[in-house]
Amino acid sequence: MASFQTLPGFREFYPEDLARRNHIFRLWRQTAGTFGFAEYDAPVLEPLELYKAKSGDEIEAQLFSFTDKGGRDVALRPEMTPTVCRLVGAKANALKRPIKWFSIGEFYRYERAQKGRLRAFYQFNADIFGEPGVEAEIELISMLVQCLAVFGLTKDDFCVRLSDRNLWFFFLEALGLDEPRVRAMLTAVDKLEKAGDDAFAPYTAEFGVLDPSLKARIKGFLEIKSLASLDQLLTALNNDPEINKVAGPADAVRRFDERVVEMRRLVDGLTAMGLGDFVAIDLSVVRGLAYYTGFVFEAFDKKGELRALAGGGRYNDLVKKLGGPDLPAVGFAIGDVTTGLLLEQRGLMPTMISAPDVYCVIGGEAERLAAFGDIHALRAAGFRVDYPMKEVAFGKQFKAAAESGAKLALIYGGDELAKGVVKIRDLTDRSEREVPRAQVAAQVRDFFSAS
Ligand code: HAM
C-alpha cells in the first residue's frame, strides 16, 4: 500500500481535523472583518516567472514547479505576496485606498520536513496597499496580535518581534558596506540564530575575509532589544571613529535617527492600542524574503519551541517590479501549522464535533415515513437533524442520540403516532413530554430559542 500514502509534508483532513482547521479559519476571517479587510482569492498555479528573483533564493529553491502540457513553466504558489501585488497592480487606479485585503489559502514549498514545517500548509494573508506611513504597520501588527489573541492566547504565549531592514542598511552602509554586501550580510543575519557563524560562509565566499571588528559590531547590533538601546546606539554612532571614516557619516547618522523616530511612532501607536506587552524590538529579525524594504516583523511562541507563527513587513517596490504602479505596501501571513500546534499545546483547541440539534428515534418502517415530513421541515428551518438510516432497536437509537451530542430527541413510536403525538425528550435532563404532531416544528423552535 506504500505507494498510496500521502506525499511527505501533505496532510489529509479527517472531519475532526477539518473542524479544527475551520475553527482557526473562522476566527481569522472574523478578525479580518472587524479590522475592515475585504477577502479575495487567486489561482494556486502561477507562471514560474512570478517568483523568480522576486521571492528570493530560498523560496525559489523550494518551488513545486513543472512544465505544463502547453509548454509553460509553472509553479504551485509558495506564498501570496507576488500574486496579490499583480491583482492590486492591475486595478490600482480603480480601487479605493487604502486597499485592505485578506485571503486564506493553501501554499506549497518543498521544505525539509520538520516540526511546524510542511510542504502544503495554509496561510492567512493580510496586506495594505497605498499607505506609506507607519499607520499601515500599526493596523497590521495589531491585527496579527488579534489573530492569535482571538483564540485565548495571551502575552505569555506569544510575542511579535519588530525590526527594520532600513536600520540595518543605514548601519552597515555607515560601516562602509556597499549594497550587495549589505544584502549578503542580511542573509547571513537571517540564518545566524540557526546556523551560528556558518551563516557568514556565503558572505566570505563572495566578498572575502570578514573583519572581526565588523562581525563584533553586527553581533552587538543583534543584541538590540529596545528603543532605549537604539538611542544608546545612536549616541555611540555619533561618536564612532569608524563611522566617521566613511563618506557621508553625518547623513548616515541622520537617516538612522529618522528611522528610530519612525520606529518610536510605530511602538507608541501599538502601545496606545494596549498591545505594548505583545511587541518587542528585536533586530535579529531581518526576514528571508527578497522584497522587504522597511519594517519587518515575526510572531513567535514565547517558549521558543516552535518555528515562526507569522511573518511580514513593508515591501514598497514589489507592485512596481511586477508591472504595476508605484504603490507602497505592507503585509503579513500567519500559518495554520504552527498556530494549530500552539493552540494544542496550550489546551486552547476545542474538541469539535459537529453535533446535530435534534436526533429522531424511529420505531419502524411505518413510523419512518411519518418522521420524514418533520425531519425535512426542521432541516429546511435550519435545524441540524439526524436519524438512523436503518431500522435499529430503540435502545441502540437512544444510545446513538446521546452519543451524537444532540440536545433533543424526537421519538416516533407506533403508540405515539396512533395518538397523533410525538414524544420530545430533553437529552440534557432526560425530561419527556408529548406534543401533537402538527406542533413539532414550533416546539423545537421554542426549545432552541429559549436555550
Ligand atoms: P513567510 O515568513 O515565508 O512569509 O511565511 C509566513 C508564515 O507562513 C510562517 O511564519 C509560517 O507560519 C507559515 N509557513 C511558511 N512556510 C511554511 C511551511 N513550509 N510549513 C508550514 N507553515 C509555513 C510569507 O510567506 C510572506 N509572503 C508574508 C507576507 C505577506 N509578507 C507580506 N505580505
Side-chain angles (χ1 to χ4, degrees), residues 7-11 21 24 28 32 37 40 42 46 50-51 54-64 76-88 99-129 131 136-137 139-141 143-144 147-148 158-161 163 165 190-191 194 285-301 305-319 321-322 327-343:
L7 293 166
F10 284 74
R11 287 170 292 175
R21 192 181 94 191
I24 295 177
W28 281 347
F37 280 62
Y40 67 95
E46 290 278 21
L50 189 62
Y51 307 108
K54 275 127 201 161
S55 294
D57 295 344
E58 190 168 343
I59 281 206
E60 216 181 301
Q62 295 169 343
L63 283 175
F64 274 91
L76 284 169
R77 62 184 183 189
E79 59 156 339
M80 195 55 130
T81 314
T83 300
V84 71
C85 284
R86 183 188 58 213
L87 261 77
V88 168
I99 301 156
K100 293 165 54 169
W101 282 11
F102 83 98
S103 125
I104 297 175
E106 195 171 23
F107 297 87
Y108 310 88
R109 296 185 194 175
Y110 200 89
E111 294 224 31
R112 202 167 46 79
Q114 51 184 306
K115 195 171 175 202
R117 283 291 176 272
L118 298 174
R119 290 184 179 166
F121 55 95
Y122 287 84
Q123 278 184 347
F124 165 93
N125 274 262
D127 296 86
I128 297 181
F129 296 87
E131 174 51 61
E137 276 87 346
E139 184 79 340
L140 284 160
I141 294 174
M143 180 150 90
L144 169 54
C147 276
L148 291 162
F158 74 94
C159 174
V160 179
R161 296 196 209 156
S163 176
R165 284 180 68 93
D190 187 43
K191 304 260 179 301
K194 260 186 281 163
V285 172
V286 294
R287 306 280 294 140
L289 295 159
Y291 44 68
Y292 292 112
T293 56
F295 290 116
V296 285
F297 47 91
E298 283 183 341
F300 286 92
D301 71 296
E305 289 171 353
L306 301 170
R307 298 285 308 270
L309 300 161
R314 183 167 279 279
Y315 52 101
N316 282 346
D317 303 335
L318 192 58
V319 178
K321 270 192 191 148
L322 290 164
L327 198 60
V330 199
F332 75 85
I334 177 166
D336 73 315
V337 182
T338 34
T339 302
L341 284 171
L342 184 60
L343 293 179

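As the structure lists them, so they are numbered: ligands from 1, and atoms in each ligand from 1. Please read these numbers as outputs of a predicted model, since none were measured by experiment.
Remark: side-chain polar atoms of N125 are not paired, donor with acceptor, to backbone N or O of F102 under 3.5 angstrom. Checked by atom type and distance alone, the side chain of R77 pairs as donor or acceptor with a backbone atom of E106 at under 3.5 Å. Between the side chain of R307 and the backbone N or O of K115, no donor-acceptor pair lies under 3.5 Å. Judged purely by atom type and a 3.5 angstrom limit, S163 has no side-chain atom pairing as donor or acceptor with the backbone of V286. R119 contributes no side-chain N or O that, together with a main-chain N or O of L7, makes up a donor-acceptor pair within less than 3.5 Å.
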(request) Kindly determine whether E137 and I128 satisfy side chain to side chain contact (heavy atoms under 4.5 Å, CB included), including the steps that lead there. (result) CA-CA 9 Å; E137 276 87 346; I128 297 181; over 6 Å; no

(request) Test side-chain hydrogen bond (donor to acceptor under 3.5 Å, both in side chains) on R287 and Y292 and set out the steps. (result) CA-CA 8 Å; R287 306 280 294 140; Y292 292 112; 3.0 Å; yes

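Distances below 4.0 Å separate heavy atoms of Y291 from the following atoms of ligand 1: 26 (C), 27 (N). Heavy-atom contacts of A308 reach the following atoms of ligand 1: 10 (O), 11 (C), 12 (O) (cutoff under 4.0 Å). For ligand 1, the atoms closer than 4.0 angstrom to any heavy atom of T338 are 12 (O). Taking every non-hydrogen atom of G311 and a distance limit under 4.0 Å, the qualifying atoms of ligand 1 come out as 10 (O), 28 (C). Taking every heavy atom of A333 and a limit of under 4.0 angstrom, the matching atoms of ligand 1 come to 6 (C), 7 (C), 28 (C), 29 (C), 30 (C). The ligand atoms of ligand 1 that sit less than 4.0 angstrom from a heavy atom of G335 are 12 (O), 13 (C). The atoms of ligand 1 that sit less than 4.0 Å from any heavy atom of T81 are 26 (C), 27 (N), 29 (C), 30 (C), 31 (N), 32 (C), 33 (N). Each of the following atoms of ligand 1 lies closer than 4.0 Å to a heavy atom of N125: 30 (C).
Considering each of E298, E79, R287, the one bringing a non-hydrogen atom nearest atom 1 (P) of ligand 1 is R287. Looking at R314, R307, Q123, M80, it is Q123 that brings a heavy atom closest to atom 8 (O) of ligand 1.
Residue contact annotation: G116 has a non-hydrogen atom under 4.0 Å from ligand 1. Assignment of R109 to the shell around ligand 1 is supported, since a heavy atom sits closer than 4.0 Å. Heavy-atom separations between Y110 and ligand 1 are all 4.0 Å or longer.
Residue F121 is tested with F107, F10, Y108 for a side-chain contact (heavy atoms from CB on, under 4.5 Å); the sole match is F107. The residue from L148, L306, L144 that alone fulfils the side-chain contact (heavy atoms from CB on, under 4.5 Å) condition with F158 is L148.
For the pair K321/Y315, no side-chain contact is recorded, criterion being any heavy-atom separation below 4.5 Å from C-beta on. For the pair D336 and R11, the minimum side-chain heavy-atom distance is below 4.5 Å.
The shortest N/O to N/O separation between R119 and ligand 1 does not fall below 3.5 Å. Considering backbone and side-chain N/O of L309, one or more are found under 3.5 Å from N/O of ligand 1. The shortest N or O to N or O distance between L118 and ligand 1 is below 3.5 Å.
Atom 33 (N) of ligand 1 has its closest protein heavy atom at D127 OD2, 2.8 Å. Closest protein heavy atom to atom 14 (N) of ligand 1: F121 CE1, 3.5 Å. Scanning all protein heavy atoms for the shortest distance to atom 24 (C) of ligand 1 gives L289 CD1, 3.6 Å.
We find the CG-CG distance between L140 and D127 to be 7.0 Å, quoted to the nearest 0.5 Å.
E79 is linked by a salt bridge (charged side-chain N to carboxylate O under 4.0 Å, His left out) to nothing, counting only residues two or more places apart in sequence or in another chain. In this view, P78 and Y51, I59, L63, R109 satisfy the side-chain contact (heavy atoms from CB on, under 4.5 Å) rule, not counting sequence neighbours.
If you look at E111 next to ligand 1, the close heavy atoms, those under 4.0 Å, all belong to the side chain. Under 4.0 Å from ligand 1, the heavy atoms of Y292 that appear belong solely to its side chain. Counting heavy atoms under 4.0 Å from ligand 1, residue A310 touches it through the backbone alone. Residue-level proximity to ligand 1 for Y315 is carried by the side chain, the only part with a heavy atom below 4.0 angstrom.
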